[in-house]
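Because only heavy atoms are used, hydrogens play no part in the values below, and waters and symmetry mates are left out as well, while side chains stay in.
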Protein chains: 2
Amino acid sequence: METRRRSTRTDARRNEERLLAAAHTMFTEHGTGASLEEIARRAGVGIGTLYRAFPNREALLEALVHERFERLAVEAEERLTEPEPRAAFAQWLSSFAESSATYRGLPASLVATMRDPGSPLYVACHRMHDTGVALFDRCRDAGTFRGDVQADDVLALAAAVAWVSKEVEGDPEMPERLLALVLDAATGATTAATAARPTSPA
Amino acid sequence: METRRRSTRTDARRNEERLLAAAHTMFTEHGTGASLEEIARRAGVGIGTLYRAFPNREALLEALVHERFERLAVEAEERLTEPEPRAAFAQWLSSFAESSATYRGLPASLVATMRDPGSPLYVACHRMHDTGVALFDRCRDAGTFRGDVQADDVLALAAAVAWVSKEVEGDPEMPERLLALVLDAATGATTAATAARPTSPA
DNA sequence: TGCCGAAACGGAGGGAGCCTCCGTACGCTC
DNA sequence: GAGCGTACGGAGGCTCCCTCCGTTTCGGCA
């Protein structure tokens, strides 16, 4: 195992870290459309430096979320062996929605990524997608889900939930509630939540 | 009834129409973020003219969709007397989602509008929202819907469906399918569609 | 330690978009 | 057909995107 080609200069590495930190802050505050010049400014770095490290906005975003989506794929694979298919899928879907809502604007990027093989996140996203679908199919095979619901539709709804939650803001429980609704729709039966408020008390 | 103050010059009116037409085309092609300068160019009008007629992008958008959302409120009110509460709500929700998806980017504007009393669409949106909720409550009172589902959650999901459909594009039936799923979730029971593909044939 | 080449830096600058301001043109009314 | 006032249009100031290239700095080697 040679450690040759370790040519990355220390200042370069330091700047990259600063850029990532600044980008995370800015994306969190202003969404994925935040000003890249402002990010460079906050990182105490010239704009040219930002563009050498990350050739475009997408690359920067990718550097920030790549690992997270890799983990999501791994999580899905692990959950494939859990005893309760529905719970396994439900929990994974919740992770998926949460990750998708990391930044305002991220759900849209993810949708675009799925259709663009040139995107740096393309592979990770598809791996995650495929394992998510496997998790879903397991539920359907077990008879937990309706037979007429498509996995992609449920994933699309989860992404949509991530979007609307981020867009509305100010209701931290909204994602859970909406996701529960989506899952109930896929199941074709109401779950625990239903008992809470009966249709009419009298 | 005096027709005084009809001072609007004919060239002004003509330009306004051209601007609206150009804006509709551009918003349709590029979403609500389309270049206003390009819109002025296509309308054969100076940028200053655009800004006098519509002080900002939101005003332009509002001029294009206002009537549509007014009609949505009226539609909801009319449907309040229909015999089948669920069908009435379902059909209205479908109209709502369709209108929300007029342009890419519109769902986000609508969500923002609901929170901004200064927005020109604020009143129309809230009227539409309130009548939509009334339509929903009628279903719940009739026992057609689960008691624990909030009207706002269902409306949020419909907006989310409009968003994801517009974002994904290339699947014209997606909105219907997702909306049907959302409605099933609210109902707490599967509908007609369920029979199509049984869980497992053997 | 000091030298030197490669690697990295940073910002000027061109292009596009947003929006304002104001000198000019033109439609309307009399 | 003259004059008033409405409406026009685009220059210009600002921000942002992204590229290009002269300058600086790191770090391996003597």
Side-chain angles (χ1 to χ4, degrees), chain A residues 2-23 25-27 29-64 103-105 108-109 112 118-120, chain B residues 2-23 25-27 29-64 103-105 108-109 112 118-120:
Chain A
E2 282 205 296
T3 327
R4 304 254 268 124
R5 289 297 94 189
R6 58 178 305 286
S7 46
T8 352
R9 257 163 61 171
T10 56
D11 54 346
R13 197 148 39 218
R14 177 178 46 83
N15 285 335
E16 207 170 301
E17 269 161 37
R18 285 187 186 170
L19 279 166
L20 286 174
T25 308
M26 284 290 286
F27 285 167
E29 287 171 8
H30 306 288
T32 58
S35 161
L36 297 185
E37 298 201 325
E38 178 66 21
I39 289 174
R41 238 171 276 139
R42 287 214 196 177
V45 142
I47 185 66
T49 299
L50 182 151
Y51 276 96
R52 200 168 336 86
F54 307 100
N56 50 52
R57 171 184 253 84
E58 200 189 11
L60 187 49
L61 194 55
E62 190 265 346
L64 284 167
Y103 308 118
R104 190 156 172 270
S109 296
S119 160
Chain B
E2 283 206 295
T3 326
R4 304 255 268 124
R5 288 299 94 191
R6 59 179 304 287
S7 48
T8 351
R9 254 163 60 171
T10 57
D11 55 345
R13 198 147 40 216
R14 178 178 47 84
N15 285 335
E16 206 169 301
E17 269 162 38
R18 284 187 186 171
L19 280 166
L20 286 173
T25 308
M26 285 290 287
F27 285 168
E29 287 171 9
H30 306 288
T32 57
S35 161
L36 297 185
E37 299 202 325
E38 178 65 20
I39 289 174
R41 238 171 277 140
R42 288 214 195 177
V45 143
I47 185 66
T49 300
L50 183 151
Y51 276 96
R52 200 168 338 86
F54 308 100
N56 51 51
R57 169 180 258 96
E58 200 188 12
L60 188 48
L61 194 55
E62 191 265 344
L64 284 167
Y103 307 118
R104 190 156 171 271
S109 296
S119 161

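In this structure, of D:dA11, D:dC17, D:dG9, it is D:dA11 that holds the atom nearest to the side chain of B:I47. Listed candidates were C:dC18, D:dC18, D:dG9. Nearest to the side chain of B:T49 is D:dG9. Distance from the side chain of B:Y51 is smallest for C:dC19 among the nucleotides D:dC17, C:dC19, C:dG27. When distances are taken from the side chain of B:L36 to each of C:dC18, D:dG9, C:dA8, the shortest belongs to C:dC18.
Nucleotide C:dC18 holds its P atom 10 Å from the CD atom of B:E38, rounded to whole Å. In this structure, B:R13 places its CZ atom 14 Å from P of C:dG27, rounding to the nearest Å. For A:E16 and C:dA7, the CD to C1' distance is 14 Å, given to the nearest whole Å. The distance between atom CZ of A:R57 and atom C1' of D:dC16, rounded to the nearest whole Å, is 9 Å. The distance from atom CZ of A:R14 to atom C1' of C:dG10 is 13 Å, rounded to the nearest whole Å. One interatomic measurement links the two molecules: CD of B:E58 to P of C:dC18, which rounds to 15 Å at whole-angstrom precision. Per the geometry, CG belonging to B:L60 stands 11 Å off P belonging to C:dC18, to the nearest Å. Taking atom NE2 on B:H30 and atom P on C:dG17, their separation rounds to 10 Å, with Å as the unit.
The CD atom of B:E17 lies 7.5 Å from the CG atom of B:L20; values are rounded to the nearest 0.5 Å. Rounding to the nearest 0.5 angstrom, the gap separating the OG1 atom in A:T49 from the OH atom in A:Y51 is 12.5 Å. Between atom CG of residue A:L36 and atom CD1 of residue A:I39 there is a gap of 5.0 Å, rounded to the nearest 0.5 Å.
Taking 4.0 angstrom as the limit, A:S35 places none of its side-chain polar atoms (N or O) nearer than this to OP1 or OP2 of D:dT15. Look at B:R41 and you'll find a side-chain N or O under 4.0 angstrom from OP1 or OP2 of C:dG17. Side-chain nitrogen and oxygen atoms of B:N15 include at least one within less than 4.0 Å of the OP1 or OP2 phosphate oxygen of D:dC8. OP1 or OP2 of D:dG27 has at least one side-chain nitrogen or oxygen of A:T10 nearer than 4.0 Å.
Residue A:G44 is the one, among A:G44 and A:E37, whose nearest nucleotide of DNA chain C lies closer to the 5' end (criterion: closest heavy atom). Annotation: of the two residues near DNA chain D, A:R52 and A:A34, the 5′-most nearest-nucleotide partner is A:A34.
At a threshold of 4.5 Å between non-hydrogen side-chain atoms, the residues B:D11 and B:R14 count as touching.
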Chi angles and distances behind the side-chain contact (heavy atoms from CB on, under 4.5 Å) call for B:L19, B:E16
CA-CA 5 Å; B:L19 280 166; B:E16 206 169 301; 5.6 Å; no
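In terms of polar N and O atoms assigned as donor or acceptor, the side chain of B:R9 never comes within less than 3.5 Å of the base of D:dA7 in a complementary pairing.
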